[in-house]
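To find a chain, count down the sequence lines: A is the first, B the second, and so on, and within it residues start at 1.
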Amino acid sequence: MLDVRIVREDTAKVIDALKKRNYDPSILDKFLKVENERRELLRVIEEQREQRNKISQEIAQLKREKKDASFVLDEAKKIADSITEEEGRLKVLEEEGMKELLVIPNIPHESVPAGKDEAENIEIRKWGTPKIFEFQPLNHWDIAEMLGIIDFDRASKIAGARFSLMKGMGARLERALMNFMLDLNTSKGYKEIFPPILVNRDAMIGTGQLPKFETELFRISDPEFYLIPTAEVPVTNMHRDEILNEKDLPIYYTAYTPCFRREAGSYGKDTRGLIRQHQFNKVELVKFVKPEDSYDEIESLTNDAESILQKLGLPYRVIALCTGDLGFSAAKTYDIEVWLPGQEKYREISSCSNFKDFQARRANIRFKREGKKGTEFVHTLNGSALAIGRTVVAILENYQQKDGSVLIPEALRPYMGAEVIT
RNA sequence: GGAGGGGUGGCCGAGCGGUUGAAGGCGACGGUCUUGAAAAUCGUUGUAGGGGCAACUCUACCGUGAGUUCGAAUCUCACCCCCUCCGCCA
C-alpha cells in the first residue's frame with residue numbers, strides 16, 4: 001500500500017509509476033475523490049466531537065453540583081445524532097478509499113529498467129557455462145520416469161493435473177535439497193522458521209496477494225483459510241502490527257514450506273513435468289530492514305540465493321525485471337534463472353524483491369529508532385532460495401548422463417547418501 | 001464437541017457510566033547525590049490522524065465489531081484469541 005500522502009501530494013509521480021507498469025492511471029481518480037471527501041468530512045466530525053465532549057463535561061459538572069442539566073442535554077442530543085449520521089458516511093468513505101488503495105501497485109525504484117513486458121528485462125550477470133552434451137539431453141520428466149523417481153500418472157489419479165509424486169531417490173532428493181538449502185541459509189545468519197501454511201485473510205492482504213489476486217489462491221471455507229502461495233506470506237506477517245526495536249534490525253528468516261497456487265490462466269503452459277505445479281516445495285528468505293539499507297539488502301539477498309546454485313554447480317543468470325514485468329507489491333526484483341538443457345533455456349528458479357514499505361504499511365510493521373520520537377515502517381524483502389521442484393528439474397537435466405543415470409552434485413551427496421541416481 | 005476463566009500502556013496490574021490516556025509497580029530515559037557504580041531521590045516515558053511558524057491544540061484508540069447513553073475501559077449483544085478441565089484425536 002502506498003503512503004496516502006504521496007498519492008495525494010505527489011500524484012504525478014504515482015501516475016508516472018502506473019504508466020510504466022502498464023496500469024491505467026485513472027485507477028487513481030476514484031481514490032483521490034473519495035480521499036478528499038473523507039478528509040473534509042473527518043474535519044467536520046472532529047469539530048462536532050469536540051463540541052459534544054465539551055457539553056458532556058458541562059453536564060458532568062452540573063450533575064456533580066446537583067443542578068438541572070436538561071437544557072444542555074437537548075443540545076447534546078442533537079449533536080450526538082448528527083455525529084452518528086456523519087460517522088456512518090465517513091465509514092463508507094473510508095472503506096471505499098481503502099478498497100481503491102489496496103489495488104494500487106508499488107512504485108518501481110528508479111534503478112528498475114523501463115519496459116513493457118518480460119522481453120525487456122535486463123540480464124545483469126551470468127554464472128557457469130551450460131554443459132555441452134555428447135548426446136541429446138532429455139527433459140526431466142523423461143529422465144525421472146526412466147529412473148522411476150517421479151510418478152505423474154499416479155499423482156493425477158489421486159489429486160489431478162499439475163501434481164507430482166516423488167518416489168525413492170526422487171523423494172530423497174526433494175528432502176535433501178530442503179535440508180541442504182536450510183542449512184546453508186541458516187549458516188549465513190537466517191533464522192529458521194516453520195510457519196503455518198494455512199493463513200487468514202488479513203495475512204494475505206498484508207503481503208499483497210489480496211484483494212487483487214484472489215483467483216490465484218486456494219482457499220478453504222468453513223472455517224475460512226487460504227493456502228499460502230509462498231512462505232513470504234506467513235513469515236512476513238509474523239511481525240504484523242508490531243513495533244520492532246532498531247537494535248533488532250535487520251531480521252533475517254529462512255523458511256521451508258509447501259506452496260499452493262491455482263495457476264489459473266496458465267492453461268497450456270508447462271503442462272508436463274515439475275515446472276508448474278499446484279503444490280510445490282520452496283525455501284524462502286525474508287528480511288526486515290531499515291529503509292536506508294534495503295537496496296543493499298536486496299543485493300546480498302540475491303547473492304545468498306545465487307550461492308546455492310553455485311554450490312550445486314548449476315549455471316544461471318540474474319535478470320532485473322523491467323517496470324512492466326514487476327510484481328504488484330515489488331519496487332525492484334531480480335529473477336534468477338537456471339539453465340535447463342532439456343529446454344535449452346534459462347528458467348526462473350528464484351525471485352528476489354525489495355518491497356520497501358509497501359507490505360510493511362499494509363501489515364503495519366514498524367520500528368522505533370533509538371532516541372527518536374515516533375515510528376517508521378520497516379522495509380521488507382524476500383526471495384526464493386530456492387524453489388525445490390525446479391531445482392530438482394535443473395539437477396536432473398544438468399547432471400544427466402548418457403546411460404540415463406543422474407550424478408548427484410558434490411554438495412548434496414552427504415544429504416543423499418549417494419553419488420548417483422540409477 | 002461440552003464446562004469454566006480471561007483479554008487494559010514496553011511488561012505486570014488497578015479501574016462506582018462523568019477532567020481516566022487511564023492509579024500503582026517494574027522496565028527504560030534524564031537530573032540530583034557518588035571518585036565511579038549501586039542504593040536513594042526528583043522528573044520524563046504510548047500510537048495514529050488533523051490544525052498552527054511555534055509554544056501548543058483538537059480527535060481517535062483499554063481483543064474486534066455493533067448497540068445503549070448527552071457521555072462507555074466500565075452496561076448489552078455478536079465474533080476473535082488465550083488459559084484450565086472433560087471428551088475426541090495425529
Return the nucleotide paired to [N]: Watson-Crick means purine N1 to pyrimidine N3 with N6-O4 or O6-N4, wobble means G-U with N1-O2 and O6-N3, both under 3.5 Å.
N: B:U20; result: none
N: B:U74; result: none
N: B:U47; result: B:A60
N: B:U32; result: B:A40

Between NZ on residue A:K332 and CG on residue A:L321, distance to nearest 0.5 Å: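 CG of A:L321 is found 10.5 Å from NZ of A:K332.
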So how far is it from A:F328 CZ to A:F213 CZ, rounded to the nearest 0.5 Å?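 Reported to 0.5 Å precision, the distance equals 5.5 Å.
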Counting the atoms with a prime plus P, OP1 and OP2 as sugar-phosphate, which does [X] contact under 4.0 Å by heavy atoms, base, sugar-phosphate, or nothing?
X: A:R201; result: nothing
X: A:N245; result: nothing
X: A:K368; result: sugar-phosphate
X: A:R5; result: sugar-phosphate

With sugar-phosphate taken as primed atoms, P, OP1 and OP2 and all else as base, the protein-contact string of nucleotides 61-70 of chain B at under 4.0 Å (heavy atoms; B, S, -) is -----S---B
Per-nucleotide protein contact string for nucleotides 76-81 of chain B, where B marks a base within reach and S marks sugar-phosphate only (heavy atoms under 4.0 Å, - for neither): ------
Assuming nearest nucleotide by heavy-atom distance, tell me which of A:Q61 and A:R43 is located more 5' along RNA chain B.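 Upstream on the strand: A:Q61.
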Which residues pass the side chain to side chain contact (heavy atoms under 4.5 Å, CB included) test with A:E348, sequence neighbours left out?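 Scan of A:E348 (side chain to side chain contact (heavy atoms under 4.5 Å, CB included), adjacent residues dropped) gives A:D335, A:S351, A:R390.
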Check the phosphate of B:U59 against A:N53, side-chain N and O only, distance under 4.0 Å to OP1 or OP2. Yes or no?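 For B:U59, OP1 or OP2 has a side-chain N or O of A:N53 closer than 4.0 Å.
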Does a side-chain N or O from A:R49 land closer than 4.0 Å to OP1 or OP2 of B:G49, or not?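 The answer is no; no side-chain N or O of A:R49 sits under 4.0 Å from OP1 or OP2.
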Under the side chain to side chain donor-acceptor pair (under 3.5 Å) rule, what pairs show up with a residue in residues 409-419 of chain A, not counting sequence neighbours?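 As it turns out, the side chain to side chain donor-acceptor pair (under 3.5 Å) pairs with a partner in residues 409-419 of chain A, which skip direct neighbours, are A:D183-A:Y415.
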With a 4.0 Å cut-off, would you call A:K20 and A:D16 a salt bridge?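 Looking at A:K20 and A:D16, the cut-off is met.
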Please determine whether a side-chain nitrogen of the Lys or Arg among A:E35 and A:R38 lies less than 4.0 Å from a carboxylate oxygen of the Asp or Glu.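 Salt bridge: yes.
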If you only use heavy atoms from C-beta on, which nucleotide in B:U19, B:U47, B:G51 is closest to the side chain of A:Q57?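 The listed nucleotide nearest to A:Q57's side chain is B:U19.
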Which nucleotide, B:U59, B:G49, B:U47, lies nearest any side-chain atom of A:L42?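 Comparing B:U59, B:G49, B:U47 against the side chain of A:L42, the answer is B:G49.
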Sort out for me which residue in A:Q51, A:E58, A:E50 forms a side-chain hydrogen bond (donor to acceptor under 3.5 Å, both in side chains) with A:K54.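 One option only clears the test, and that one is A:E50.
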Atom-pair distance (CG on A:L244; C1' on B:G10), nearest Å: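 Rounded to whole Å, this separation is 13 Å.
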Nearest-Å distance for atom pair CZ/C1', residues A:R366 and B:G46: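 About 10 Å, once rounded to whole Å.
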Take a 6.0 Å sphere around CD of A:Q310 and say whether it holds more than 12 heavy atoms from other residues, nucleotides or ligands.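 Yes, CD of A:Q310 has more than 12 neighbouring heavy atoms, counting only those of other groups under 6.0 Å.
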Sorted by first residue and then second, give each salt bridge (charged side-chain N to carboxylate O under 4.0 Å, His left out) pair with at least one member in residues 141-152 of chain A; sequence neighbours left out.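 Sorted pair list: A:D151-A:R154, A:D151-A:K167.
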Taking B:G2 as the reference, what is the distance to B:U74 when you measure between their P atoms (whole Å, please)?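 Nearest-Å result for B:U74 against B:G2 at atom P: 28 Å.
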C1' atom, B:U44 versus B:G50: distance in rounded Å?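 Approximately 26 Å lies between the C1' atom of B:U44 and that of B:G50.
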Taking side chain to side chain donor-acceptor pair (under 3.5 Å) as the test, write out the residues that go with A:E87, two or more places apart.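 For A:E87 the side chain to side chain donor-acceptor pair (under 3.5 Å) partners, ignoring immediate neighbours, are A:R49.
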